Visitor: 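Structure in structure tokens, see below.
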Number of protein chains: 2
Amino acid sequence: MAFTIGELGKATGTKVETIRYYERIGLLAKPERTSGNYRSYGKTELGRLSFIRRARDLGFPLDQVRALLSLSDDRTRDCATIDALARNHLAEVERKIADLTALRSQLSALLDSCKGGTIGDCRIIEALAPPATSVKAL
Amino acid sequence: MAFTIGELGKATGTKVETIRYYERIGLLAKPERTSGNYRSYGKTELGRLSFIRRARDLGFPLDQVRALLSLSDDRTRDCATIDALARNHLAEVERKIADLTALRSQLSALLDSCKGGTIGDCRIIEALAPPATSVKAL
DNA sequence: CTTGACCCTGTAGTTACTACAGGGTGTATA
DNA sequence: TATACACCCTGTAGTAACTACAGGGTCAAG
């Protein structure tokens, strides 16, 4: 029923240092201590940390996680705020996917152009160093 | 033929502070100075900075950019090293795309489940806080 | 009773910049 | 000539989200 920081870390897939970090920045409350000054956690903290990690895995930055936590603490609040948060986040994820997809095709093109040989005629280097004419005029 | 740091920044889409930062970490050589102690750049630096920015835009981290630069300086070297670098990078980009795509469908599902109402029955919060049974046993 | 795994605090490092503070320079205008 | 203004200089500290020590204390097993 009571775990050490290491056990909490294993249960949630979080490094011990990260848990202490979350405590330092106020994302987790200061837990009780044992006689030997070890942090002692219960189910509540386990739940809260799981929530944080899951939101983080979904790519929410810590300040949004913080907002999510305080929203979820006030159960009378309207769901719309949370919906908006998630909707914005989804839009961001979609933008990142688009960026990376464009990047992937550029990299593939780069690789196709590499036919071996010495760097003197390596197309990758050429492709990375755009001709002076493509540089905005001063 | 000679530009100030601000002009170089404009020409390459780089902030002045970033250029000074690149100089500090040795990615750009220390440039000549004018009588008034202003940095003075020429075409060589313009090319090198363009190269750096383009590689960065393609998502190469700075230490790989550094590697790319030193490889491209030794024109007798085999193109294979560069090919490998780019190939690894492509694999990473593809992994990120896969991650984000999975994330997108999770977020979409989350949003579909939000039918309004108060947070007490908000499915997003529920979805983020997995049931205790899904937490690895201690 | 000692070894080893774990815990503690506090500080500094990581990546790739970005943002001041507190000054100097260069040029255009009144 | 004065002065306003945009730009430049150095140096330091801040950002996100951890991660990695250093230098100790605690606890269970053999």
Side-chain angles (χ1 to χ4, degrees), chain A residues 2-42 45 48-49 51-69 89 92-93 96 99 103 138, chain B residues 2-28 30-42 45 48-69 89 92-93 96 99 103 138:
Chain A
F3 342 114
T4 66
I5 195 170
E7 287 164 343
L8 185 64
K10 247 169 219 152
T12 58
T14 316
K15 297 209 168 138
V16 165
E17 288 93 342
T18 306
I19 298 176
R20 286 198 282 246
Y21 167 73
Y22 287 164
E23 180 185 328
R24 209 161 55 243
I25 64 170
L27 217 53
L28 291 175
K30 299 194 174 190
E32 315 219 327
R33 298 292 182 124
T34 66
S35 55
N37 200 31
Y38 282 19
R39 285 170 181 82
S40 175
Y41 298 96
E45 286 94 337
R48 195 173 172 93
L49 183 53
F51 182 103
I52 295 170
R53 294 309 292 185
R54 191 145 160 66
R56 289 289 299 125
D57 284 350
L58 288 173
F60 288 93
L62 279 186
D63 56 353
Q64 284 187 28
V65 175
R66 208 188 285 272
L68 244 20
L69 280 168
H89 188 51
E92 241 172 70
V93 167
K96 270 188 204 162
D99 280 2
L103 175 52
L138 302 171
Chain B
F3 342 112
T4 65
I5 195 170
E7 287 164 342
L8 184 64
K10 247 168 221 154
T12 58
T14 315
K15 296 209 168 138
V16 165
E17 288 94 342
T18 305
I19 298 175
R20 287 197 283 245
Y21 167 72
Y22 286 163
E23 180 184 328
R24 208 162 56 244
I25 64 170
L27 217 53
L28 290 175
K30 300 194 174 192
E32 315 220 324
R33 298 292 183 126
T34 65
S35 55
N37 200 31
Y38 283 19
R39 285 170 181 81
S40 174
Y41 298 96
E45 286 95 339
R48 195 173 174 96
L49 183 54
S50 302
F51 182 103
I52 294 171
R53 294 309 293 184
R54 191 147 160 65
R56 290 289 300 125
D57 284 349
L58 288 174
F60 287 93
L62 280 185
D63 57 351
Q64 284 188 28
V65 175
R66 208 187 284 273
L68 244 19
L69 279 168
H89 188 51
E92 242 171 70
V93 167
K96 270 187 205 164
D99 280 2
L103 174 52
L138 301 172

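Since we're looking at a predicted model, the values are computed, not measured. A, B, ... follow the sequence lines: proteins, then strands. Residue 1 opens every chain. The figures that follow rest on heavy atoms only: side chains count, while hydrogens, waters and symmetry mates do not.
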Visitor: Start with the C-alpha gap between A:Arg54 and A:Phe51, add the side-chain angles, then the distance that decides, and say whether side-chain contact (heavy atoms from CB on, under 4.5 Å) holds.
Guide: CA-CA 5 Å; A:Arg54 191 145 160 66; A:Phe51 182 103; 6.0 Å; no
Visitor: For B:Glu23 and D:dT10, give me the distance from atom CD to atom C1', rounded to whole Å.
Guide: 11 Å
Visitor: Taking atom types as modelled and ignoring hydrogens, do the side chains of A:Tyr41 and A:Arg48 form a donor-acceptor contact shorter than 3.5 angstrom?
Guide: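 Side chains of A:Tyr41 and A:Arg48: no pair found under 3.5 Å.
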Visitor: Find the distance B:Phe3:CZ to D:dC7:P and express it as a whole number of Å.
Guide: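 After rounding, the gap between these two atoms is 17 Å.
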Visitor: Using whole Å, report how far CD of B:Glu32 lies from P of D:dC9.
Guide: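 To the nearest whole Å, that distance equals 14 Å.
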Visitor: Look at B:Arg33 and D:dT10 and indicate whether a side-chain polar atom (N or O) is within less than 4.0 Å of OP1 or OP2.
Guide: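 Yes, such a contact exists.
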Visitor: Using the side chain to side chain contact (heavy atoms under 4.5 Å, CB included) rule, pick out the option among B:Val65, B:Thr18, B:Thr12, B:Thr14 that qualifies with B:Ile52.
Guide: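 With B:Ile52 as partner, B:Val65, B:Thr18, B:Thr12, B:Thr14 yield a single side chain to side chain contact (heavy atoms under 4.5 Å, CB included), made by B:Val65.
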Visitor: Provide, to the nearest angstrom, the distance between the CD1 atom belonging to A:Ile19 and the C1' atom belonging to C:dC8.
Guide: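 Taking atom C1' of C:dC8 as the reference, CD1 of A:Ile19 is at 14 Å.
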Visitor: Among C:dC17, C:dG26, D:dC18, which nucleotide sits nearest the side chain of B:Arg56?
Guide: C:dC17
Visitor: Starting at CD of B:Glu7 and ending at P of D:dC7, how long is that distance when rounded to a whole Å?
Guide: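 Those two atoms, CD and P, are 10 Å apart.
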Visitor: How long is the line joining CD1 of B:Ile25 and P of C:dG13, in whole Å?
Guide: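 That distance rounds to 17 Å.
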Visitor: Let's see if you can work this out: which of C:dT18, D:dC8, C:dC7 has an atom nearest to the side-chain heavy atoms of B:Arg24?
Guide: C:dT18
Visitor: To the nearest 0.5 Å, what is the distance between CG on B:Leu8 and OG on B:Ser50?
Guide: 8.0 Å
Visitor: Among D:dC27, D:dT10, C:dA19, which nucleotide has an atom closest to any side-chain atom of B:Lys15?
Guide: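 Shortest atom-to-atom distance from the side chain points to C:dA19.
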Visitor: Could you check whether B:Arg39 gets within reach of a base, just the sugar-phosphate, or nothing at all, counting any heavy atom under 4.0 Å?
Guide: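 Since only primed, P, OP1 and OP2 atoms lie under 4.0 Å of B:Arg39, the category is sugar-phosphate.
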Visitor: Kindly compute the distance separating CG (A:Leu27) from CD1 (A:Ile19), expressed to the nearest 0.5 Å.
Guide: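 A:Leu27 CG to A:Ile19 CD1: 12.0 Å, rounded to 0.5 Å.
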Visitor: Please check the phosphate of D:dC8 (OP1 and OP2 only) for any side-chain N or O of B:Arg20 closer than 4.0 Å.
Guide: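 It does not, given that no N or O in the side chain of B:Arg20 lies less than 4.0 Å from OP1 or OP2 of D:dC8.
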Visitor: When the nearest nucleotide of DNA chain C is assigned to B:Thr18 and to A:Asn37 on a heavy-atom basis, which residue is associated with the more 5' position?
Guide: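 Nearest nucleotide further toward 5': that of A:Asn37.
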Visitor: Consider the side chain of B:Lys10, meaning its heavy atoms from C-beta on, and name the nucleotide among D:dA20, D:dC7, C:dT18 that approaches it most closely.
Guide: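 Nearest to the side chain of B:Lys10 among the choices is D:dC7.
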Visitor: Where each residue is assigned the nucleotide of DNA chain D containing its nearest heavy atom, which of A:Gly36 and A:Tyr21 is assigned the position nearer the 5′ end?
Guide: A:Tyr21
Visitor: Between P on C:dT15 and CD on B:Gln64, what's the gap in Å once rounded to a whole number?
Guide: 12 Å
Visitor: Take atom CG of B:Asp57 and atom P of C:dC17, then tell me their distance rounded to the nearest Å.
Guide: 9 Å
Visitor: Using heavy-atom distances to pick each residue's nearest nucleotide on DNA chain C, tell me which of B:Tyr22 and A:Glu17 is more 5'.
Guide: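 Nearest-nucleotide comparison on DNA chain C picks A:Glu17.
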Visitor: So among A:Glu23, A:Glu32, A:Glu45, which one has a side-chain hydrogen bond (donor to acceptor under 3.5 Å, both in side chains) with A:Arg39?
Guide: A:Glu23
Visitor: Ignoring the backbone of A:Tyr38, work out which of D:dT19, C:dC7, C:dG26 is nearest its side chain.
Guide: C:dC7
Visitor: Choose from D:dC27, D:dC9, D:dC18 the nucleotide whose nearest atom is closest to any side-chain atom of B:Ile5.
Guide: D:dC9
Visitor: Across the strands shown, which category fits B:Thr4 at heavy-atom distances under 4.0 angstrom: base, sugar-phosphate, nothing?
Guide: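 Counting heavy atoms under 4.0 Å across all strands, the contact made by B:Thr4 is with sugar-phosphate only.
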Visitor: Starting the side chain at C-beta, find the nucleotide from C:dA19, D:dC18, C:dA16 nearest to A:Arg53.
Guide: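 Nearest to the side-chain atoms of A:Arg53, counting from C-beta on, is D:dC18.
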